[in-house]
Amino acid sequence: MQDQLVIYNTLTRSKEKFTPINKGMVGLYVCGPTVYNDVHLGNCRTFISFDMIYRYLLHLGFKVRYVRNITDAGHLEGDRDEGDDKFSKKAKLEQLEPMEIVQKYTLGFHDVMRQFNALPPSIEPTATGHICEQIEMVKQILANGYAYEADGTVYFDVEKYNKEFPYGQLTNRNLEDLIANTRELHGQDEKKGRLDFALWIKAKPEHLMRWPSPWGWGFPGWHIECSAMSSKYLGDTFDIHGGGMDLQATHHTNEIAQSQACNHKAPVNYWMHTNMLTVNGVRMSKTAGNGFLPGELFTGNHPLLEKGYSPMAVRFFMMQTHYRSTLDFSNEALQASEKGYARLLAAIKTLENLKPSDASGIFINDHKKACYDAMNDDFNTPILVAELFELVSVINSANIGKTPLTANDISILKELMHSFVFDVMGLKDEVANVADNKVLDGVMKIVLDIRKDIKARKDFAASDKLRDDLNKLNITIKDTKEAAVWSISQQ
RNA sequence: GGUCCUGUGGCCGAGUGGCUAGGCUGAGCUCUGCAAAAGCUCCUACAGCGGUUCGAAUCCGCUCGGGACCUCCA
């Protein structure tokens, strides 16, 4: 099964058969969040996409080392190599130590990821925890002749690098085009080339986050942390590197250059990029101000939101779109997903009580193959979801005695549903805990018994009132042929 | 301005040179005291204009529209 997987590789702009460096093992690195602010939904989409990818790799039996960093230093505010460190700026604003900011938003990020049911990565290294590694890497790049120092700041020499390696490879651009499209710099320039970027930056006197280095007090450049940490934990060349598409042109391009210049090896075999999340057709971004926070999405406390949407409804919504397509948020689409997801969960519950037949009305192995084919084709979750809904129809049809299923069919259906819905897509039944409450279960049994008597007396006004009143508590009563059943709806 | 992606039915969203994606919504029917759920049926698309082809929504060109990156952002 492991040799069936095909991945779209940004590097070659084509789908390629996935072959790990070490059989049965995968090294996966994903650019994590910059923790100077609340994570917004766009970030979450990327991390949820890679969580699904991580989960599927695990499902296929790969031993995966999943590294996702926390950027807690070095990101600049404003234009190239100028401006304040984001953490310092925010710290001044909030009158806090930079590391207080880092701590606050790291905890917030973890909390949101937990709500989205994302598995924690194997290693979550921080930039500030790897200053030595970054300095060593800068030293090596200097020693290899691909960088130069100017007044305490070290720059990467892009033009020199490009003579030996294709710098714009990841975005399919050549150096001439890149230079032609670079903005005019503001006069001052210690940099030799327009595209040169900083590996190490000299700290201004007021700069709070700073470390000693061979070039004086300073802090690491924007891209070096990922190069340093990925090679430390996954090796000089590893299998998969992922991140949002917006990182492709600059961050990842520079990462490749740094790693190649340092280690004389291409760092990554498969580059994967997730697409952007949009709101009303416009990219949700920190600076555009058109985003809402995960918390606001869950509670519905935002002008753009008609109501709150549970984390799993949102996650399922994301799974209905391929990770390389843009995903547009709208109340209508979210509500459609919410209902569809409820239907999927209901079918999984129905599956538990299905009575096996001697004959089979379906070709279960065809369905199983279709699920794996979908996921093996570059993690095509929308197709997977479509296949799962085919199975929902099968289950419901079996439930009313229309489609016969053998015990084997039912067993495979259970396995498929649980594997793909819960293990791979990382969804969970949010109301399961409540329904498992033994006291409530007992109470409801009594209530339904009483209602049964009332109905037997044909006092429908009373039985309907009971049903309506329970409904106000989000408890839904359904009178099926055999008996009345109850369930708790979300929110 | 440069590079690139994209345009699918009421909404969301896959996909393939010729065969029903799927979800949500709407309409009808079955079931039901009613409701809900479920089942069945219907509404059935591929921006426009050319071209290639026996045949294109799927390939090519142009036009129009949308978006991304080139500047911090997942």
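Just so you know, these numbers use all the heavy atoms, side chains as well, and skip hydrogens, waters and symmetry mates. In what follows, chains are A, B, ... by sequence order, proteins preceding strands, each numbered from 1.
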For [X], answer base if it contacts any base atom (sugar-phosphate contacts may also be present), sugar-phosphate if it contacts only those atoms, and nothing otherwise; contact means non-hydrogen atoms under 4.0 Å.
{"X": "A/Gly242", "answer": "nothing"}
{"X": "A/Gly243", "answer": "sugar-phosphate"}
{"X": "A/Gln248", "answer": "nothing"}
{"X": "A/Asn275", "answer": "base"}
{"X": "A/Ile477", "answer": "base"}
{"X": "A/Thr274", "answer": "nothing"}
{"X": "A/Lys455", "answer": "base"}
{"X": "A/Phe460", "answer": "base"}
{"X": "A/Ser325", "answer": "sugar-phosphate"}

Per A/His40 side chain, nearest of listed nucleotides B/G39, B/C34, B/A74: B/A74
Nearest-neighbour nucleotide for the A/Arg451 side chain, B/A74, B/G33, B/G39 considered: B/G33
Complementary nucleotide for B/U53 - Watson-Crick or wobble, under 3.5 Å: none
Complementary nucleotide for B/G7 - Watson-Crick or wobble, under 3.5 Å: B/C64
Is the distance between the ring centroids of [X] and [Y] less than 6.0 Å?
{"X": "A/His223", "Y": "A/His252", "value": "no"}
{"X": "A/Tyr105", "Y": "A/Tyr36", "value": "no"}
{"X": "A/His241", "Y": "A/Tyr270", "value": "no"}
{"X": "A/His251", "Y": "A/Trp222", "value": "no"}
{"X": "A/Phe50", "Y": "A/Tyr66", "value": "no"}

Quote, to the nearest angstrom, the [atom1] distance that separates [N] from [M].
{"N": "B/G23", "M": "B/G61", "atom1": "P", "result": "36 Å"}
{"N": "B/U71", "M": "B/U8", "atom1": "C1'", "result": "34 Å"}
{"N": "B/U16", "M": "B/C73", "atom1": "P", "result": "33 Å"}
{"N": "B/G13", "M": "B/G18", "atom1": "C1'", "result": "24 Å"}
{"N": "B/G66", "M": "B/A37", "atom1": "C1'", "result": "40 Å"}
{"N": "B/A36", "M": "B/C43", "atom1": "P", "result": "24 Å"}
{"N": "B/C11", "M": "B/U25", "atom1": "P", "result": "15 Å"}
{"N": "B/A57", "M": "B/G9", "atom1": "C1'", "result": "12 Å"}

For the base of [N], is there a side-chain donor-acceptor partner from [X] under 3.5 Å away?
{"X": "A/Arg13", "N": "B/C5", "answer": "no"}
{"X": "A/Asn380", "N": "B/G15", "answer": "no"}
{"X": "A/Asp479", "N": "B/C34", "answer": "yes"}
{"X": "A/Arg467", "N": "B/A35", "answer": "yes"}

Under 3.5 Å donor-acceptor, A/Asp72 side chain and A/Thr128 backbone: yes
In whole angstrom, give the distance that lies between atom [atom1] of [X] and atom [atom2] of [N].
{"X": "A/Asn396", "N": "B/C40", "atom1": "CG", "atom2": "C1'", "answer": "13 Å"}
{"X": "A/Leu391", "N": "B/A21", "atom1": "CG", "atom2": "C1'", "answer": "14 Å"}
{"X": "A/Phe316", "N": "B/G23", "atom1": "CZ", "atom2": "P", "answer": "10 Å"}
{"X": "A/Asp72", "N": "B/C72", "atom1": "CG", "atom2": "P", "answer": "19 Å"}

Below 4.0 Å: OP1/OP2 of B/U25 and any side-chain N or O of A/Lys339: yes
A/Ile400 vs A/Val385, nearer the 5' end of RNA chain B by closest nucleotide: A/Val385
What pairs of donor and acceptor atoms, side-chain ones from residues 379-394 of chain A against any protein atom, are under 3.5 angstrom apart with sequence neighbours left out?
| from | atom 1 | to | atom 2 | distance (Å) |
| --- | --- | --- | --- | --- |
| A/Asn380 | OD1 | A/Ile383 | N | 3.3 |
| A/Thr381 | OG1 | A/Met319 | O | 2.8 |

